[in-house]
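One structure is given below, encoded as structure tokens.
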Amino acid sequence: MARFLPNEDPFTLEDQLKILGNDELLDFWEESQMLDRYLEPAEHEEPPSMHYENAILNELRLRYSMGEI
């Protein structure tokens, strides 16, 4: 049965961040900063944490503008 499931997650990172509480979102940001220690990008690539950091910052800005923080 599992072979019929899609290989990729159907939810984007941005969608997944929306369901996290503020504390969980900040914890996730902190954990994402540790990725750079374990995953080394190529010379011309941005660090792995940058994608997560940008998505988290956008979510925090959205919450702040909506008065949820």
Side-chain angles (χ1 to χ4, degrees):
M1 292 290 278
R3 68 178 180 261
F4 296 110
L5 296 175
N7 291 336
E8 295 182 21
D9 196 346
F11 301 104
T12 64
L13 173 63
E14 290 78 7
D15 289 338
Q16 293 177 42
L17 293 176
K18 289 182 187 317
I19 64 170
L20 295 176
N22 292 338
D23 290 338
E24 293 171 318
L25 188 60
L26 294 174
D27 286 344
F28 182 67
W29 173 79
E30 184 178 7
E31 292 170 6
S32 72
Q33 299 304 302
M34 292 182 206
L35 283 176
D36 295 341
R37 293 183 191 167
Y38 301 106
L39 302 173
E40 295 181 19
E43 279 185 38
H44 58 280
E45 290 182 6
E46 62 184 25
S49 64
M50 286 301 295
H51 176 70
Y52 293 108
E53 185 171 347
N54 289 333
I56 292 166
L57 287 174
N58 287 336
E59 180 63 23
L60 287 170
R61 286 183 191 115
L62 177 65
R63 291 180 188 192
Y64 180 78
S65 71
M66 297 175 69
E68 295 179 11
I69 293 182

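Just so it is clear, the model here is predicted, and its values are computed rather than measured.
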Could you check whether any side-chain heavy atom of Glu59 comes within less than 4.5 Å of a side-chain heavy atom of Glu14, counting everything from C-beta outward?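 With C-beta onward as the side chain, the pair stays apart.
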
Any side-chain heavy atom of Gln16 sitting closer than 4.5 Å to one from Leu20?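 The answer is no, as the side chains (C-beta and beyond) never meet within the 4.5 Å cut-off.
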
Determine yes or no for a side-chain-to-main-chain donor-acceptor pair under 3.5 angstrom, with Asn54 supplying the side chain and Met50 the backbone. yes

Using a 4.5 Å cut-off between side-chain heavy atoms of Ile, Leu, Val, Met, Phe, Trp and Tyr, which other residues end up in the same hydrophobic cluster as Met66? Leu62

Indicate the atoms forming the closest heavy-atom contact of Arg63 with Lys18, along with that distance.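 Here Arg63 and Lys18 meet closest at NH2-O, 3.5 Å.
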
Give, for atom OH of Tyr52 and atom CG of Leu57, the distance between the pair rounded to the nearest 0.5 Å.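 Between Tyr52 OH and Leu57 CG, I get 15.0 Å after rounding to 0.5 Å.
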
Just verifying a value: how many Å separate Ile69 CD1 and Arg61 CZ, rounded to the nearest 0.5 Å?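 Answer rounded to 0.5 Å: 11.0 Å.
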
Contacts under 3.5 angstrom, residues 23-32 side chains, donor-acceptor by atom type, not counting sequence neighbours:
residue	atom	partner	partner atom	Å
Glu24	OE1	Gly21	N	2.8
Ser32	OG	Trp29	O	2.7

